[in-house]
Trainee: 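Once you've had a glance at the structure underneath, I'll fire off some questions.
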2 protein chains.
Amino acid sequence: MEERFMKVALKQAEIAFSKGDVPVGAIIVKDNKIIAKAYNKKENTNNVTDHAEIIAIKKACKRLNDWRLNECVMYVTLEPCSMCMGAIQQSRIVKVIYGAKNTNEIDCQKPTIYGEVLENECAEMLRDFFQSKRKS
Amino acid sequence: MEERFMKVALKQAEIAFSKGDVPVGAIIVKDNKIIAKAYNKKENTNNVTDHAEIIAIKKACKRLNDWRLNECVMYVTLEPCSMCMGAIQQSRIVKVIYGAKNTNEIDCQKPTIYGEVLENECAEMLRDFFQSKRKS
């Protein structure tokens, strides 16, 4: 079963390859049915978030009309980067099955982080929001 | 300067608030000019990746026609989650300035990770790709 689904993800990776993008493919499976297929398009679209996993998650959200991908499993040909792992967690995908290990995670530099500018205003808006939600 | 830009991000957060989404706003600045503005739309679009930061990054990539956001700075009203921090790193944004601290990072469960299914096939496709790139 796992190999069968990974082969579908590999077919997606092949499409990326043929288009000159790093060959990574991802699919999302729910109740043993494939609900989303995607391949990496980053270089072609010049969109840094266009990894196979992110596109597959967006397609699955659209398909289910829900941002919660409960009970969904992702098959992906390469171990996800931290952006994609974050998206997987946010989406509540329960299981990730990957092919190749990512031995090359982010060669780029980490940004400088500088916090708590206008903290009160920013935090207050969030507090007001959640308070108004609780009331309604 | 920092407060001026954070106020623009706060205006974006207000839009999210008015639409019933968690009020988070983000902007991207290059050479002291705002090149992208966005607000969180997750609940409205039912797309789990529609955080303000991700949408701002996509807009900035489109604007610059490049996935590399070198020399760009992000102002965001809430400390980014791990998905957004990953996207920021991938995009090479050099600095992140946030407003409120995120005291509530991901209450959801981490997925089970299961690796190295069809590892050889998956890794080989990547090797072939990078080899063909080096040749050309």
Side-chain angles (χ1 to χ4, degrees), chain A residues 2-3 6-7 10 13-14 17 22-23 42-43 46-49 54 57-58 61-62 65-69 77-79 81-101 106 108-119 121-123 125-126 128-129, chain B residues 2-3 6-7 10 13-14 17 22-23 42-43 46-49 54 57-58 61-62 65-69 77-79 81-101 106 108-119 121-123 125-126 128-129:
Chain A
E2 271 156 4
E3 297 210 346
M6 190 60 81
K7 277 177 188 166
L10 265 167
E14 271 173 31
F17 195 131
V22 177
K42 187 176 101 168
E43 296 290 342
N46 261 325
N47 176 343
V48 74
T49 72
I54 300 283
I57 286 171
K58 281 196 282 195
C61 288
K62 200 165 180 184
N65 197 29
D66 197 341
W67 61 260
R68 298 161 200 83
L69 302 181
T77 59
L78 178 65
E79 190 182 11
C81 75
S82 64
M83 168 179 74
C84 293
M85 270 310 304
I88 288 162
Q89 259 181 268
Q90 293 275 343
S91 73
R92 307 185 184 174
I93 282 176
V94 291
K95 192 172 180 184
V96 178
I97 296 162
Y98 68 83
K101 267 199 93 64
I106 311 202
C108 46
Q109 290 183 297
K110 291 198 179 176
T112 311
I113 316 274
Y114 182 72
E116 293 159 78
V117 170
L118 296 184
E119 192 197 4
E121 290 86 333
C122 293
M125 199 183 290
L126 287 159
D128 288 353
F129 178 78
Chain B
E2 270 156 4
E3 296 208 347
M6 191 60 81
K7 278 176 187 166
L10 266 166
E14 271 173 30
F17 195 131
V22 177
K42 187 176 102 170
E43 295 290 343
N46 260 326
N47 176 344
V48 75
T49 73
I54 300 282
I57 287 171
K58 281 195 283 195
C61 289
K62 201 165 181 184
N65 198 30
D66 197 342
W67 61 259
R68 297 161 199 84
L69 302 181
T77 60
L78 177 65
E79 188 181 13
C81 75
S82 63
M83 168 179 74
C84 293
M85 269 311 304
I88 288 162
Q89 259 182 266
Q90 293 274 344
S91 73
R92 307 187 183 174
I93 282 175
V94 292
K95 193 172 178 180
V96 177
I97 296 161
Y98 68 82
K101 267 199 93 64
I106 310 200
C108 46
Q109 290 183 296
K110 291 199 178 174
T112 310
I113 316 275
Y114 182 71
E116 293 157 79
V117 171
L118 296 183
E119 191 198 5
E121 291 86 334
C122 293
M125 199 184 291
L126 287 158
D128 288 350
F129 177 78

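When reading the values below, keep in mind they use all heavy atoms of this one structure, side chains included, and skip hydrogens, waters and symmetry mates. In this text, all values refer to a predicted model and were calculated from it rather than measured experimentally. In the text below, chain A, chain B and the rest are named by the order of the sequence lines, each starting its count at 1.
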Trainee: Does any heavy atom of chain A fall under 4.5 Å from the side chain of B/Leu78, the backbone, both, or neither of them?
Mentor: side chain

Trainee: With a 4.5 angstrom heavy-atom cut-off, is it the side chain or the backbone of B/Glu79 that approaches chain A, or both, or neither?
Mentor: neither

Trainee: With sequence neighbours excluded, tell me which residues meet side chain to side chain donor-acceptor pair (under 3.5 Å) with A/Lys7.
Mentor: none

Trainee: About how many Å separate OG1 of A/Thr112 and NZ of B/Lys95, when rounded to the nearest 0.5 Å?
Mentor: 6.5 Å

Trainee: Give, as side chain, backbone, both or neither, the part of B/Ile113 having an atom under 4.5 angstrom from any heavy atom of chain A.
Mentor: both

Trainee: Testing B/Val48, B/Ile54, B/Thr49 for side chain to side chain contact (heavy atoms under 4.5 Å, CB included) with A/Ile54, which one passes?
Mentor: B/Thr49

Trainee: Determine the minimum heavy-atom distance between A/Lys101 and B/Glu119, stating which atoms define it.
Mentor: N-OE2, 4.4 Å

Trainee: Determine whether B/Thr77 and A/Met125 make a side-chain contact, defined as any pair of heavy atoms from C-beta on separated by less than 4.5 Å.
Mentor: no

Trainee: Can you tell me if B/Asn46 uses its side chain to pair, donor with acceptor, with the backbone of A/Asn65 under 3.5 Å?
Mentor: yes

Trainee: Grab the two heavy atoms, one from B/Ala100 and one from A/Cys122, that are nearest each other, plus how far apart they are.
Mentor: N-CB, 3.6 Å

Trainee: Less than 4.5 Å to any heavy atom of chain A: does that hold for the side chain of B/Val22, its backbone, both, or neither?
Mentor: both

Trainee: Measure across B/Ser82 and A/Gly86 and return the closest heavy-atom pair with its distance rounded to 0.1 Å.
Mentor: OG-CA, 3.7 Å

Trainee: Relative to chain A, which of B/Lys42, B/Met85, B/Glu2 shows the most heavy atom pairs under 4.5 Å?
Mentor: B/Lys42

Trainee: Under a 4.5 Å heavy-atom cut-off, does chain B meet the side chain of A/Ile88, its backbone, both or neither?
Mentor: side chain

Trainee: Return the minimal non-hydrogen interatomic distance between A/Pro23 and B/Phe129, and the atom names on each side.
Mentor: CD-CG, 3.3 Å

Trainee: With a 4.5 Å limit on heavy-atom distance, are the side chains of B/Asn47 and A/Lys62 in contact?
Mentor: no

Trainee: Quick check on the interface: out of A/Asp128, A/Asp66, A/Ile93, who has the most heavy-atom pairs with chain B under 4.5 Å?
Mentor: A/Asp66

Trainee: State the SG-CD distance between B/Cys84 and A/Gln90, to the nearest 0.5 angstrom.
Mentor: 7.0 Å

